[in-house]
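Data block below; observations after.
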Amino acid sequence: VHRLTTAQEILKATDGQIYDLLQRSAFEFFWKEANTKNGLIKDACYAFGGDGMQGASIASVGFGLSAICVAQQRGWITRDQAYERVLNTLKFFRDEAEQHRGFYYHFYEMDTGYRSGDCELSSIDTGLFLYGVITVKEFYKGTEVEEAAKTILERVEWDWMQLNPSTSLGTSPSASQRTGFLSMGWKPEKPDALFPYTWGGYNEGMMLYPLAICGVCIVTSIIGTFFVKLGASKNIMGALYKGLIASSVLSAGGIYFVTN
């Protein structure tokens, strides 16, 4: 595929060619500004020339995972290249990256993979990362990537990140108004207190709640399998409906708890 490289070519390009150039240039940030061994991607970089930036953002990693799937489909990289980068990334986050209760720190050092400074365990940035994990899980179904993605997704303890005035907010006068909302984060230096600031209302925090609901339903569907038992009539469909009903009831209760 011919790429636009000169100003003259860009001036004569069609809208489709311009869109392709913009899309590919955006992808190349996630591809080139990354540590190929652990998949960490810079939070930002200079548009022209090198830089010494070493701060990686887990939000960047999430966007990058989705971008890699697009790039493979568009033929900008091969499947082998894409799969290797994705698998390296998920293995790092599954086995090595510092995390707590399934949540990850906002920033990591590109070269070492360690937590950057005293940055917070971030709920929203973990969510942005997890959406990328979901994308590659579906894109590479039936592979080691799917299994690694499941491990990462299933260990997130969303209920722990919910604010509770009796344990997390002390005597704050508006504590009751924020009960049940997801906190913006946590630091190990204050292990008994989530941040009092919440993802409530109409903002980017809305993308976290579908993840939390899905997390609840994964657990309740597993529990529901224990109710799948043949009765005296030996009716297989009846046994399956028992599990379905149990999962539905448990899910309804769990979703109510998460959303209220």
Side-chain angles (χ1 to χ4, degrees), residues 1-7 9-48 53 56-97 102 104 108 110 113 124-156 204 206-211 213-215 217-218:
V1 177
H2 177 68
R3 298 194 60 188
L4 305 176
T5 56
T6 68
E9 287 180 319
I10 292 173
L11 287 172
K12 294 180 179 180
T14 65
D15 288 350
Q17 288 174 314
I18 292 295
Y19 294 148
D20 186 75
L21 174 65
L22 290 172
Q23 292 165 7
R24 186 160 184 171
S25 297
F27 159 70
E28 287 183 348
F29 164 76
F30 298 110
W31 187 252
K32 294 181 177 180
E33 302 298 332
N35 182 329
T36 59
K37 294 181 180 179
N38 56 28
L40 288 172
I41 301 173
K42 289 182 179 181
D43 182 56
C45 73
Y46 294 151
F48 302 99
M53 298 180 185
S57 162
I58 56 170
S60 289
V61 177
F63 289 128
L65 289 171
S66 296
I68 288 171
C69 297
V70 173
Q72 179 186 318
Q73 285 294 95
R74 298 291 294 274
W76 297 336
I77 55 176
T78 67
R79 185 190 186 283
D80 288 345
Q81 289 175 312
Y83 185 82
E84 180 182 20
R85 181 70 64 87
V86 168
L87 185 58
N88 285 348
T89 303
L90 295 195
K91 282 183 174 180
F92 170 74
F93 278 93
R94 182 192 64 189
D95 304 330
E96 300 179 45
Y104 292 92
Y108 291 82
M110 288 276 293
I124 188 64
D125 292 283
T126 295
L128 291 168
F129 165 67
L130 293 179
Y131 273 110
V133 173
I134 291 171
T135 301
V136 296
K137 172 181 174 290
E138 294 303 308
F139 195 76
Y140 296 106
K141 289 186 74 67
T143 69
E144 189 178 354
V145 163
E146 182 183 17
E147 294 306 311
K150 285 181 180 179
T151 300
I152 292 170
L153 292 166
E154 291 174 2
R155 70 183 176 192
V156 184
E204 64 265 46
M206 292 186 69
M207 68 189 302
L208 292 178
Y209 290 95
L211 289 172
I213 289 171
C214 289
C217 292
I218 288 173

Which heavy atom in [X] sits nearest to a heavy atom in [Y], and how many Å separate them?
X	Y	answer
Thr126	Gly102	CG2-O, 4.1 Å
Leu90	Ala148	CB-CB, 4.0 Å
Ala56	Leu40	CB-CB, 3.8 Å
Glu138	Lys141	O-CG, 3.1 Å

Please tell me if the side chains of [X] and [Y] come closer than 4.5 Å, counting only heavy atoms from C-beta onward.
X	Y	result
Thr36	Arg85	yes
Leu153	Lys137	yes
Arg74	Phe27	no
Leu130	Ile152	yes

Examine distances only and state if a side-chain atom of [X] and a backbone atom of [Y] form a donor-acceptor pair shorter than 3.5 Å.
X	Y	value
Gln81	Thr78	yes
Tyr104	Gly127	no
Asn88	Gly39	no
Arg155	Arg94	yes

* May I ask you to check if Arg79 and Tyr83 form a cation-pi contact, with NZ or CZ under 6.0 angstrom from the six-membered ring centre and within 45° of the axis? =>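 Yes, a cation-pi geometry.
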
Let me confirm one number: the [atom1]-[atom2] distance from [X] to [Y], rounded to the nearest 0.5 Å.
X	Y	atom1	atom2	value
Arg24	Ile77	CZ	CD1	9.5 Å
Thr151	Asp95	OG1	CG	8.5 Å
Gln23	Trp76	CD	CH2	5.0 Å
Gln72	Phe139	CD	CZ	4.0 Å

* Other residues, nucleotides, ligands: >12 heavy atoms within 6.0 Å of Glu84 CD ->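 Atom CD in Glu84 is not packed in, count stays at 12 or less.
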
* Asked: What's the verdict on side-chain contact (heavy atoms from CB on, under 4.5 Å) for Phe93 and Val133, showing C-alpha distance, side-chain angles and the deciding distance?
  -> CA-CA 10 Å; Phe93 278 93; Val133 173; over 6 Å; no

* Does any donor atom in the side chain of Tyr46 or Glu33 lie under 3.5 Å from an acceptor atom in the other side chain? ->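 No donor-acceptor contact under 3.5 Å links the two side chains.
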
Name each donor-acceptor pair under 3.5 Å that joins a side chain in residues 57-68 to protein atoms two or more places apart or in another chain, with its distance.
{"unit_1": "Ser57", "atom_1": "OG", "unit_2": "Ala59", "atom_2": "N", "d": "3.1"}
{"unit_1": "Ser57", "atom_1": "OG", "unit_2": "Ser60", "atom_2": "N", "d": "3.4"}
{"unit_1": "Ser60", "atom_1": "OG", "unit_2": "Lys42", "atom_2": "O", "d": "3.0"}
{"unit_1": "Ser66", "atom_1": "OG", "unit_2": "Thr135", "atom_2": "OG1", "d": "3.1"}

* To do: Go through the steps for Glu146 and Tyr140 under the test side-chain contact (heavy atoms from CB on, under 4.5 Å), then give the verdict.
  => CA-CA 6 Å; Glu146 182 183 17; Tyr140 296 106; 5.9 Å; no

* Basic-acidic side-chain contact under 4.0 Å: Lys32, Glu28 ->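 Yes.
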
* To do: Take Glu144 and Lys91 through the test salt bridge (Lys or Arg N to Asp or Glu O under 4.0 Å) and record every step on the way to the result.
  => CA-CA 10 Å; Glu144 189 178 354; Lys91 282 183 174 180; 3.6 Å; yes

